[in-house]
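Order of the sequence lines sets the chain letters (A, B, ...), proteins ahead of strands, with each chain counted from 1.
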There are 2 protein chains.
Amino acid sequence: MNSKPKRLTREQTEQKILLAAEDVFALYGFQGAAINSIAELTGLTKQNLLYYFPSKEVLYQKVLENILDLWLAKMALFAQRGDDPKTMITSYIQGKLDISRTHPNGSKVFANEIIQGAPRLREYLIAHLLPLLEDDVALINLWIKQGRMDPVDPYHLFFMIWASTQTYADFSSQIELVLGKSKLDEQDFEQANAFLTNLIIKGLGIK
Amino acid sequence: MNSKPKRLTREQTEQKILLAAEDVFALYGFQGAAINSIAELTGLTKQNLLYYFPSKEVLYQKVLENILDLWLAKMALFAQRGDDPKTMITSYIQGKLDISRTHPNGSKVFANEIIQGAPRLREYLIAHLLPLLEDDVALINLWIKQGRMDPVDPYHLFFMIWASTQTYADFSSQIELVLGKSKLDEQDFEQANAFLTNLIIKGLGIK
DNA sequence: GTCTATAAGGGGATAGAC
DNA sequence: GTCTATCCCCTTATAGAC
């Protein structure tokens with residue numbers, strides 16, 4: 001065993017930087033974030049940070065990439081267990097809320113990017129999100145055709161689920177303020193999950 | 001009549017600046033926005049802009065204030081016409097979507113501020129939003145007690161309505177991308193309205 | 001009210017010693 | 001890999017002429 005835990009491998013240092021970068025980009029967006037703040041959070045100098053990531057742009061892209069990989073893995077309705085509408089939609093909502101709970105800063109970085117018009121994400125979304133979504137939309141339409149749920153617009157259904165699950169990450173400060181808590185805990189997420197699942201399943205006419 | 005339309009009154013100039021400021025703050029948040037960009041959009045020099053608003057901070061506060069005044073006027077469930085759950089919630093959803101459609105940039109400025117933890121808004125929200133919301137929550141609880149809707153958590157209901165209506169402003173770029181449109185039109189908002197209203201009314205067990 | 005000039009500091013990024 | 005020093009541009013803001 002190595003008795004010098006102070007020395008980090010290159011990969012460990014990069015991970016520390018990426019974590020700090022996620023925090024700062026989440027708060028201030030790309031333009032508003034200062035790599036100096038990220039360096040300080042990591043315990044490095046700005047110059048040293050630039051040794052690991054050659055530019056702010058590259059660092060930001062890496063942060064975005066990491067989030068999106070996690071995202072898309074759980075994104076697809078098709079990726080859920082089960083094969084009936086109730087089970088799969090329930091699982092989908094739970095999965096989205098889990099991400100909001102465990103990766104709130106990633107969600108905020110994504111939110112900032114979308115608010116800005118997704119300038120650094122547009123092509124990625126077209127290439128990766130849209131194909132997955134089309135499959136999911138087709139599945140919803142099949143369920144509708146089979147009479148297993150009410151005829152609704154699948155796209156607006158997804159917009160609603162995305163918004164109302166991500167809000168527990170992106171707008172957590174407002175929710176905490178309303179609920180009078182300093183931080184959302186697991187119980188809050190369970191209540192959110194119960195509320196959303198019941199409302200959506202019933203609202204879609206799913207038995 | 002004055003034949004020199006070039007000369008603007010002080011108030012008109014201030015309005016032009018505030019409009020441009022809303023655009024830029026919406027895109028980049030407080031830190032990321034440059035008053036130079038705002039000045040250019042307005043056709044002024046940066047120095048001249050600072051003649052009308054003494055600092056970036058003051059300008060931002062003014063922009064926030066304008067949005068919030070509009071916001072809270074339509075915010076209350078109590079402010080809606082009608083007196084039965086179906087009519088009032090329908091009107092509430094419509095009102096929120098109207099704001100997203102007519103003031104997308106205001107919504108984005110608000111979103112950026114909340115993502116940052118609402119540092120410049122916290123006190124205002126506590127003083128003005130919370131009291132209104134408590135009344136609305138009490139109304140929902142009354143309706144539940146009267147058996148006019150299912151027993152749900154009123155807070156999470158409002159979080160859901162806020163998120164799924166504001167998403168059409170804040171995340172419009174993602175929605176436009178998915179729907180293959182360059183800009184959301186009135187028809188899109190009508191479809192969103194129909195979808196959300198049906199889902200929520202039915203999901204809450206309101207007849 | 002609008003301009004030029006300029007202060008004073010922060011930003012991202014590079015060079016080179018160690 | 002980490003440091004000091006430095007470049008150069010952009011930022012907010014002020015001073016003062018017109």
Side-chain angles (χ1 to χ4, degrees), chain A residues 2-65 109 112-113 116 119-120, chain B residues 2-65 109 112-113 116 119-120:
Chain A
N2 196 326
S3 58
K4 282 184 175 177
K6 277 281 177 69
R7 272 252 164 274
L8 300 176
T9 64
R10 178 173 188 115
E11 202 182 343
Q12 286 173 323
T13 306
E14 285 179 356
Q15 280 307 313
K16 269 186 71 176
I17 294 171
L18 284 169
L19 217 66
E22 201 177 86
D23 288 7
V24 177
F25 284 128
L27 275 177
Y28 302 113
F30 178 74
Q31 285 80 359
I35 54 173
N36 194 29
S37 308
I38 299 170
E40 278 180 13
L41 262 180
T42 319
L44 298 171
T45 60
K46 172 174 64 172
Q47 295 88 334
N48 202 358
L49 181 148
L50 286 169
Y51 165 76
Y52 290 97
F53 295 90
S55 73
K56 181 182 179 179
E57 185 76 41
V58 167
L59 176 56
Y60 181 73
Q61 294 279 0
K62 263 286 173 201
V63 170
L64 263 186
E65 239 176 70
V109 174
N112 272 319
E113 175 69 13
Q116 288 198 21
R120 294 171 177 79
Chain B
N2 196 327
S3 57
K4 281 185 177 178
K6 280 280 177 72
R7 272 250 164 276
L8 299 177
T9 65
R10 178 173 189 114
E11 202 182 343
Q12 287 172 322
T13 305
E14 285 180 355
Q15 281 306 314
K16 270 187 69 175
I17 294 172
L18 285 168
L19 216 65
E22 203 177 85
D23 288 7
V24 177
F25 284 129
L27 275 176
Y28 302 112
F30 178 74
Q31 285 81 358
I35 53 172
N36 193 30
S37 308
I38 299 169
E40 278 179 12
L41 261 181
T42 321
L44 298 172
T45 62
K46 171 175 64 174
Q47 294 89 334
N48 201 359
L49 181 150
L50 285 169
Y51 166 76
Y52 290 97
F53 295 90
S55 74
K56 182 182 178 179
E57 185 75 42
V58 167
L59 176 55
Y60 181 72
Q61 293 279 1
K62 261 289 173 198
V63 169
L64 264 186
E65 237 176 72
V109 174
N112 274 320
E113 174 69 13
Q116 289 198 19
R120 294 171 176 81

- [ ] Check whether any side-chain heavy atom of Leu27(B) lies under 4.5 Å from a side-chain heavy atom of Asn112(B), and answer yes or no.
- [x] no
Open item on the list: At a heavy-atom distance below 4.0 Å, what parts of residues 18-30 of chain B sit against DNA chain C?
Closed with: none
TODO: Provide the closest heavy-atom pair for Ile35(A) versus Leu49(A) in the form atom of the first, atom of the second, distance.
DONE: O-CD1, 4.0 Å
Open item on the list: Applying salt bridge (charged side-chain N to carboxylate O under 4.0 Å, His left out) as the test, list every pair that has at least one member in residues 9-20 of chain B; sequence neighbours left out.
Closed with: Arg10(B)-Glu14(B)
Open item on the list: Looking at every non-hydrogen atom in both residues, tell me the closest pair between Lys56(B) and Ala33(B) and how far apart they are.
Closed with: NZ-O, 2.7 Å
Open item on the list: What I'd like to find out is whether the side chain of Phe25(B) reaches to under 4.5 Å of the side chain of Glu113(B), using heavy atoms alone.
Closed with: no
Open item on the list: Among residues 34-58 of chain A, which ones have heavy-atom contacts with DNA chain D below 4.0 Å?
Closed with: Thr45(A), Gln47(A), Asn48(A), Tyr51(A), Tyr52(A)
Open item on the list: Could you check whether any side-chain heavy atom of Leu18(B) comes within less than 4.5 Å of a side-chain heavy atom of Glu22(B), counting everything from C-beta outward?
Closed with: no
Task: Beyond-backbone contact of Glu57(B) with Phe30(B), side-chain heavy atoms, under 4.5 angstrom - done: yes
Task: Whole-Å distance separating the CD1 atom of Ile17(A) from the C1' atom of dG1(D) - done: 11 Å
Open item on the list: When you compare the side chain of Asp23(B) with that of Ile38(B), does any pair of heavy atoms fall below 4.5 Å?
Closed with: no
TODO: Using whole Å, report how far CD of Gln31(B) lies from C1' of dG12(C).
DONE: 17 Å
